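Data first, discussion second: the structure below is written as structure tokens.
Values in this document were obtained by computation on a predicted structure and should not be read as measured data. Below, each value reflects all heavy atoms present in this structure, side chains not excepted, and no hydrogens, waters or symmetry copies.
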Amino acid sequence: MFANLKPLPTDPILGLMAKYRQDTNPNKIDLGVGVYKTEQGDTPILSCVKKAEAFRLENETSKSYIGLAGDLGFCAKMESLLLGEHKALLENRVRTAQAPGGTGALRVAAEFIAKANPNASVWVTTPTWANHIGLFSAAGLTVKEYPYYDYENKGLLFDEMMATLKTVPKGDIVLLHACCHNPSGMDLNAEQWQQVADLAKEVGFTPLIDIAYQGFGTSLEQDAAGLRLLAETVDEMIICSSCSKNFGLYRERIGACSIISESSAVADVANSVLLSVVRSIYSMPPAHGAAIVDTILGSEELTAEWHQELAEMRNRINGLRSTIVEALHSRGVAQDFSFIEKQHGMFSFLSITPEQIERLQKEYSIYIVGSSRVNVAGVSQANLDYFADAVATVIK
Ligand SMILES: Cc1ncc(COP(=O)(O)O)c(C=O)c1O
């Protein structure tokens with residue numbers, strides 16, 4: 001029976017990583033995978049994480065089951081991180097389950113939606129993180145797209161986006177990136193978030209917020225501002241969060257799925273469905289990452305240290321945006337790259353052609369995914385000139 005299987009293409013980003021690893025060029029640069037990197041090219045273990053780990057080893061007393069929703073202390077702290085002051089108001093209506101990474105949270109949300117409304121379509125931005133499409137399709141849901149990024153003018157297609165969202169049927173889901181839109185780096189401003197919230201209320205679609213980069217855009221608070229605005233406006237919504245990037249805990253697989261319902265009674269029913277979904281996929285989430293996040297957010301000192309480390313990562317990325325623009329412009333390229341400075345988070349489209357991307361890989365060992373999305377954090381003072389020379393040469 002297995003011989004009947006047809007091979008499927010490898011994930012483009014994971015395939016690119018494998019190629020990069022095999023490349024023996026000492027000047028090679030990986031701008032593909034979306035993980036934070038330091039000036040030395042490492043993905044660091046944050047010092048607040050190391051301290052939380054030591055504290056946990058010292059104080060942990062039990063290795064028993066943690067339950068379907070995972071670590072309840074972690075869940076409550078994530079709700080505070082996401083909802084801020086709104087948590088108190090929404091307390092009766094929100095239920096959170098810890099999940100294996102942002103991806104796990106999204107997959108749980110997909111199965112949850114399929115149970116609430118099997119005919120729901122999930123509307124995603126064009127473009128979006130490629131895995132969104134696979135994740136929702138895998139739960140049997142239809143995935144539709146709405147305009148978002150303007151490749152030509154390097155901005156948002158906000159009017160077109162709103163025009164499409166006006167046509168979304170009641171009961172459908174609209175997925176929004178809370179901040180640091182992957183792959184474009186372009187986010188909604190406060191006024192635009194308000195318009196989306198009002199429209200959700202008017203039309204009756206359910207927003208699903210994917211927040212995988214909180215703290216990497218402007219600040220922890222600012223990056224959740226749109227989400228909070230929605231939460232205070234609509235009756236129900238879903239939030240899928242990830243601690244992979246902002247705590248540097250990628251491999252621990254740690255995130256959460258939060259469901260906000262219209263009332264406390266509905267929230268209890270929704271929670272029973274949420275936990276039943278969890279039970280049938282992976283039963284219980286891994287404990288380790290959640291315990292570390294719980295320890296950090298439970299300690300004023302470690303939280304302050306985390307804020308500091310997060311700000312350093314964010315500042316390095318924002319600094320790099322300007323540095324890259326300057327380096328390209330100083331090489332006399334005809335193209336204007338100043339749009340890069342308007343973007344948030346790790347990602348940017350470089351607006352170069354697939355042929356130029358291929359040349360960068362073949363001739364310079366610079367690895368960029370085919371959509372021209374680059375991970376800005378992969379550039380460093382050490383490789384900046386090599387990178388800018390190569391880009392300037394291939395786009396001439
Ligand atoms: C937009 C978006 N959502 C969700 C995720 C998933 O995060 P995790 O690594 O925690 O599964 C990612 C990771 O790349 C992402 O970019």
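Clustering ILVMFWY residues whenever any of their side-chain heavy atoms sit less than 4.5 angstrom apart, transitively, puts I239 in a cluster other than the one holding L274. If you chain together hydrophobic residues whose side chains sit under 4.5 Å apart, I357 and L14 fall into the same group.
With sequence neighbours excluded, the residues that form a side-chain hydrogen bond (donor to acceptor under 3.5 Å, both in side chains) with D268 are R95. Take Y149 and apply the ring-ring contact (aromatic ring centres under 6.0 Å, His included) test, not counting sequence neighbours, and it matches Y151, F349. N246 pairs by the side-chain hydrogen bond (donor to acceptor under 3.5 Å, both in side chains) definition with nothing, not counting sequence neighbours. Annotation: salt bridge (charged side-chain N to carboxylate O under 4.0 Å, His left out) contacts of E60 (sequence neighbours excluded): R56, K63.
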*Begin from the C-alpha positions of E305 and S47 and carry the test side chain to side chain donor-acceptor pair (under 3.5 Å) through to its verdict.*
CA-CA 8 Å; E305 192 163 339; S47 87; 2.3 Å; yes

*Verdict with reasoning, N92 to S264, per side chain to side chain donor-acceptor pair (under 3.5 Å)*: CA-CA 5 Å; N92 294 328; S264 173; 5.2 Å; no

*asked:* Could you walk me through whether R228 and E221 satisfy the salt bridge (Lys or Arg N to Asp or Glu O under 4.0 Å) test, starting with their C-alpha distance in whole Å, then the side-chain angles of each, then the deciding distance to 0.1 Å, before giving a yes or no?
replied: CA-CA 10 Å; R228 291 174 189 173; E221 299 301 312; 2.6 Å; yes

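Below 30°, between 30° and 60°, or above 60°: for Y148 and Y146 the angle between ring planes is above 60°, a perpendicular geometry. Ring geometry for H181 versus H177: interplanar angle of 30 to 60°, hence tilted.
Salt bridge annotation for E111-R107: present, with a cationic side-chain nitrogen under 4.0 angstrom from a carboxylate oxygen. Salt-bridge check for D42 with K37: failed, with every basic side-chain N at 4.0 Å or more from each acidic carboxylate O. A salt bridge between K362 and D23 is absent, with no side-chain N of the basic residue lying under 4.0 Å from a carboxylate O of the acidic one.
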What pairs of donor and acceptor atoms, side-chain ones from residues 341-348 against any protein atom, are under 3.5 angstrom apart with sequence neighbours left out?
| residue | atom | partner | partner atom | Å |
| --- | --- | --- | --- | --- |
| E341 | OE2 | S322 | OG | 3.1 |
| Q343 | OE1 | R321 | NH1 | 3.2 |
| Q343 | OE1 | S348 | OG | 2.7 |
| Q343 | NE2 | S184 | O | 3.4 |

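With rounding to the nearest 0.5 angstrom, the NZ atom of K154 is 10.5 Å from the OG atom of S338.
Between the side chains of S351 and Q335, a donor-acceptor pair is found at a separation under 3.5 Å.
For residues 359-384, every residue pair satisfying the ring pair (Phe, Tyr, Trp, His ring centres under 6.0 Å) rule, not counting sequence neighbours, is listed here: Y20-Y367.
Among T126, T125, N131, the single residue meeting the side-chain contact (heavy atoms from CB on, under 4.5 Å) criterion with T128 is T125.
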